[in-house]
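Numbering starts at 1 and runs along the sequence shown. Values below: all heavy atoms of this structure, side chains included; hydrogens, waters and symmetry mates excluded.
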Amino acid sequence: MGCFRLMVDTIKLFFLMVADPFIRCFWCIFPKPKKSIKGEIILLTGAGHGLGKELAIRLSDLGAVMVLWDINQENNENIASKLRSLGRSVFSYRVDVTNEEEVIRMANRVKQEVGDVTLLVNNAGVFSGQPICKLSSHVIRRCFEVNSLAHFWMLQQFLPRMLELNRGHIVAVASMAGHHGVANMTDYCASKHATVGLMESLYMELHAAKKANIRLTTINPIIITTGLISNVRTRFPCLLPLMPVEETADVIVKSILREEEMVFIPARSKYLNDMVACFRRKTRFKILDYTGYGFDPVVEKEPTKNGAEIV
C-alpha cells in the first residue's frame, strides 16, 4: 500500500511540474479577477509620505477603512485629513514600528477603536546609501529595525486574529535589493533579504498549518523616484527605468486585488535578474557596468528635484 501511494504521489507531482509553465502562461494571458476590498480594515505603515501616501489614497478610493501608521505625526495626519475631506473612513496613529511595546499598545487600540485588521501592508522603510565603512552602528541597527524587525512585531499582533478568522492578507514591501547585492547598500540589501526570507518562511508555515485563505504578497520594486536619493543613473531607461511612485503604487494595488504572491516592479526586472544570475560573478560585474544602473553614495539628506528613493 505504501509503495502504491508513493507511486501515485510521484505521478501527480510529475504532471504538476510539467503543467506548471502552462499554468503560468495561462495566468499571464488571463489574469486573476480583482477582489473587492470595500469595507476591509487595512493597516498601512509608513503612510505619511512617498509610496505609503500614494497607497493610502488608492486603497481608500476602493472603499477600504484605512488605518494609517507613521512615525511622523504631522505628515500622517495631513494625508488622513485629506482623505477624510473626501468622505473616506480613515484613522491615523503616530507609531514607531521599531518599538515592540509601542506596536503592542497601538495594535490593541486599533482593535478596540476600529476592529479586526484583515489586510496588513508593511511598507515603512529607511535607506542610508553609504559604503559599509562609513555606516555607523546606529544607522545599521535602525535599518534592520525598520526594514526587517518591525515586520515581526506587526505580524505577531495581527496575524493571530487572521488565523482565527481563517482570512486575511499580508503585504510586505521588500525590494529588488532583497534578491541581489548592490554597492553602497550593504545594510539595506541585508535587511531586505531578511524581509524576503521572512515572507518565504511564512508561506511555508501557513501551508503547513493549512491556512490557504491567508494571502501573502511580497513587493519587489527597483528605484522609485520620490526625491530622497540623488545621482541615480541608468544607461537603458527602457529596460531599467526609474519608476514613478504613482505608477509603482498602481501596480502594488493591482497586485493586492489579484492576490499575487511575488511581484517585481517592473515585471521584466525579475527576468533580467534571473538571466544575469546564470553568469559568473565577473561577467555579472561586466553586465552591471554596461547597463550603468545604480547611484553614487548619498552625501545629501535633503530631497532633490531629480532624486529617488529606494524601497
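Residues meeting the side chain to side chain contact (heavy atoms under 4.5 Å, CB included) test with Ser136, sequence neighbours left out: His138, Val139. With sequence neighbours left out, the ring-ring contact (aromatic ring centres under 6.0 Å, His included) criterion links Tyr271 to no other residue. Remark: Ser191 pairs with Asn147 by the side chain to side chain donor-acceptor pair (under 3.5 Å) rule, at least two apart or across chains. Under the rule for a side chain to side chain donor-acceptor pair (under 3.5 Å), the partners of Asn220 that lie at least two apart in sequence or sit in another chain are His179. Remark: Phe152 pairs with no residue by the ring-ring contact (aromatic ring centres under 6.0 Å, His included) rule, at least two apart or across chains. With sequence neighbours left out, the side chain to side chain contact (heavy atoms under 4.5 Å, CB included) criterion links Glu260 to Ser255, Arg258, Val263. With sequence neighbours excluded, no residue satisfies side chain to side chain donor-acceptor pair (under 3.5 Å) with Ser148. Every residue was checked against the side chain to side chain contact (heavy atoms under 4.5 Å, CB included) condition with Gln112, not counting sequence neighbours, and none meets it. Qualifying side chain to side chain contact (heavy atoms under 4.5 Å, CB included) partners for Val146, counting only residues two or more places apart in sequence or in other chains: Thr98, Ala124, Val126, Arg142. With sequence neighbours excluded, no residue forms a side chain to side chain donor-acceptor pair (under 3.5 Å) with Asn75.
Using a cut-off of 4.0 Å between Lys/Arg side-chain N and Asp/Glu carboxylate O, Asp274 and Lys270 are scored as salt-bridged. Using a cut-off of 4.0 Å between Lys/Arg side-chain N and Asp/Glu carboxylate O, Arg141 and Glu145 are scored as not salt-bridged.
Sorted by first and then second residue, the salt bridge (Lys or Arg N to Asp or Glu O under 4.0 Å) pairs with a member in residues 64-78 read Glu77-Arg84; sequence neighbours excluded. Note on residues 194-219: pairs passing salt bridge (Lys or Arg N to Asp or Glu O under 4.0 Å), not counting sequence neighbours, are Arg215-Glu259.
Annotation: side chain of Ile71 is not in contact with side chain of Val97 (no heavy-atom distance under 4.5 Å). The closest side-chain heavy-atom distance from Pro241 to Arg268 is below 4.5 Å. Residues Val110 and Gln157 are not in side-chain contact: their nearest non-hydrogen atoms beyond the backbone lie 4.5 Å or more apart. Side chains of Ile214 and Leu163 form a contact here, defined as non-hydrogen atoms less than 4.5 Å apart. Side-chain atoms of Thr195 and Val173, non-hydrogen and from C-beta on, never get closer than 4.5 Å to each other. The side-chain heavy atoms of Leu120 and Met162, taken from C-beta on, include a pair separated by under 4.5 Å. Taking the side chain as every heavy atom from C-beta outward, Val117 and Arg161 never approach each other to under 4.5 Å. The shortest distance between side-chain heavy atoms of Ile256 and Ile219 does not fall below 4.5 Å.
Taking the centre of each ring, Tyr290 and Phe236 come in below the 6.0 Å mark.
Placement of Val121 and Leu62 within a single hydrophobic cluster is found when ILVMFWY residues are connected by side-chain heavy-atom separations under 4.5 Å, directly or transitively. Linking ILVMFWY side-chain heavy atoms closer than 4.5 Å, directly or via other members, places Val245 and Phe264 in a single hydrophobic cluster. Note on Leu272: it clusters hydrophobically with Ile224, by side-chain heavy-atom contacts below 4.5 Å among ILVMFWY residues. The cluster map of Ile, Leu, Val, Met, Phe, Trp and Tyr, joined by side-chain heavy atoms under 4.5 Å apart, puts Ile37 and Val67 in different clusters. Hydrophobic clustering (side-chain heavy atoms under 4.5 Å, transitive across Ile, Leu, Val, Met, Phe, Trp, Tyr) groups Val182 together with Leu242.
Of all heavy-atom pairs spanning Val196 and Ala174, the tightest one is CG2-CB, 3.8 Å.
Here the CG atom belonging to Asn122 is positioned 8.5 Å from the CG atom belonging to Leu43, to the nearest 0.5 angstrom. Between the CZ atom of Phe144 and the CG atom of Asp187 there is a distance of 7.0 Å, given to the nearest 0.5 Å. Atom-to-atom distance recorded for Leu206:CG and Leu216:CG is 5.5 Å, nearest 0.5 angstrom. Between the NE2 atom of His49 and the CG atom of Asn72 there is a distance of 8.5 Å, given to the nearest 0.5 Å. Taking CG of Leu44 as the start and OG of Ser92 as the end, the distance is 12.0 Å to the nearest 0.5 Å. Separating the OH atom in Tyr203 from the CE atom in Met262 is a distance of 6.0 Å, to the nearest 0.5 Å.
Heavy-atom contacts from other residues, nucleotides or ligands closer than 6.0 Å to NZ of Lys82 number 12 or fewer. With a 6.0 Å radius and a threshold of 12 heavy atoms from other residues, nucleotides or ligands, Glu164 has its CD atom above the threshold. For Lys35, the NZ atom sits in a packed shell: over 12 heavy atoms of surrounding residues, nucleotides or ligands are nearer than 6.0 Å. Counted within 6.0 Å of CD1 on Ile287, heavy atoms from surrounding residues, nucleotides or ligands total more than 12; the atom is thus considered enclosed.
Judged by distance alone, the side chain of Arg167 and the main-chain N or O of Asn213 form no donor-acceptor pair under 3.5 Å. The main-chain N or O of Asn123 is found under 3.5 Å from a side-chain atom of Thr45 such that the two form a donor-acceptor pair.
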Show your working on salt bridge (Lys or Arg N to Asp or Glu O under 4.0 Å) between Arg94 and Glu102 and close with a plain yes or no. CA-CA 10 Å; Arg94 190 265 178 206; Glu102 187 172 333; 3.6 Å; yes
